[in-house]
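Just follow the structure's listing: the first ligand is 1, and inside any ligand the first atom is 1.
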Amino acid sequence: MGSLLEVDDVTVVFGGHRALDGATLRAEAGAITGLIGPNGAGKSTLFDVICGLRNPAGGRVAIGGRDVTRFGPARRARHGLARTFQRLELFGGLSVRDNLLVAAELGPQRRRAEQVVAEIIDRLGLQHVADTSADELPTGTGRLVEVGRVVAARPSVVLLDEPAAGQDNTETERFGELLRALADEGTAVLLVEHDMGLVMNVCDEVYVLDLGRMIASGPPSVIRSNEAVLAAYLGDL
Ligand code: ADP
Ligand code: MG
């Protein structure tokens with residue numbers, strides 16, 4: 001049986017510059033997979049390719065064994081793929097609860113949307129801001145709501161692009177727990193994150209991208225001491 005998300009040999013060229021050069025990765029159901037790398041490494045570009053916002057010059061993307069390389073973003077979403085963006089994408093004029101409701105109503109209707117949303121608000125500790133409009137939230141809280149929205153849609157593969165940026169320690173901790181709960185339900189979670197503490201704590205497997213190439217992959221304990229990784233980060237880990 002293959003992995004839930006398979007990315008094979010993806011290449012993206014921007015005006016002669018290879019933003020991605022043969023990038024390959026796997027994300028398993030029930031696991032949190034980290035994707036790290038210095039700024040400009042190609043992480044967000046790889047997310048764009050996976051979710052269908054950018055056509056690669058070469059390579060393949062498959063979800064649940066199905067080749068989706070030629071599918072547009074909406075069709076991939078119907079195959080269970082959801083993502084957040086590096087910048088916030090909430091409906092500013094809607095309350096936190098309504099932002100979550102919109103997403104829950106888009107997902108498969110196994111239970112009442114209101115009930116799903118109440119659970120997410122509880123799990124993320126958002127009770128005190130449930131009726132606050134999204135554009136009044138501090139950034140870290142906004143990111144939690146965004147992740148809540150992705151969870152509400154019940155996807156099978158989740159891509160999170162720097163979701164912990166602007167979160168305080170309590171928010172990051174809750175966030176780590178939420179990711180684990182999500183994975184425990186069988187979701188494949190792919191996490192791009194600069195907070196190395198969070199990555200090393202919550203990920204089962206970590207891939208390292210540098211200048212468009214995957215330079216290492218493995219469990220956090222192995223990645224932490226990988227020499228090519230240390231060199232790419234100039235000792236930042
Ligand atoms: P990361 O998310 O790892 O910081 P990105 O995927 O945003 O990296 O960018 C990878 C490389 O591709 C960078 O050199 C960036 O300048 C370039 N790049 C990203 N998006 C575009 C674009 N739309 N047009 C041209 N170059 C781009
Ligand atoms: Mg990025």
| field | Backbone of L94 reached by a side-chain donor or acceptor of N99 within 3.5 Å | value | yes

| request: Enumerate the atoms of ligand 1 whose separation from the nearest heavy atom of R54 is less than 4.0 angstrom. | output: 23 (N)

| note | In ligand 1, the atoms that come under 4.0 Å of a heavy atom of K43 are 1 (P), 2 (O), 3 (O), 4 (O), 6 (O), 8 (O)

| Any N/O/S atom, backbone or side chain, of N39 lying under 2.8 Å from the Mg ion (ligand 2)? | no

| query | Below 4.0 angstrom, N of the basic side chain to O of the carboxylate: do R123 and E185 qualify? | reply | yes

| Ligand-side contact atoms (ligand 1) for residue partner T45, heavy atom cut-off under 4.0 Å | 5 (P), 6 (O), 9 (O), 10 (C), 19 (C)

| F14, any N or O under 3.5 Å of ligand 1 N or O | no

| said: Does the Lys NZ or Arg CZ of R149 fall within the cation-pi geometry relative to F91 - under 6.0 Å from the ring centre and within 45° of the axis? | reply: yes

| query | What do you reckon, does G42 put a non-hydrogen atom under 4.0 Å from ligand 1? | reply | yes

| query | Quick one: ring-ring contact (aromatic ring centres under 6.0 Å, His included) pairs with a partner in residues 56-76, sequence neighbours left out? | reply | F71-H79

| message | Checking T33 against E205: is there a side-chain donor and acceptor pair closer than 3.5 Å? | response | no

| query | Sequence neighbours excluded, which residues qualify as side chain to side chain donor-acceptor pair (under 3.5 Å) partners of R76? | reply | none

| field | Under-4.0 Å heavy-atom contact with ligand 1, by part of H194 that carries it | value | neither

| task | Decide, yes or no, whether a salt bridge links D161 with R143 under the criterion of side-chain N to carboxylate O below 4.0 Å. | result | no

| Taking N or O atoms only and a 3.5 Å limit, does A19 qualify as a polar contact for ligand 1? | no

| said: Show me which atoms of ligand 1 lie under 4.0 Å from any heavy atom of N39. | reply: 4 (O)

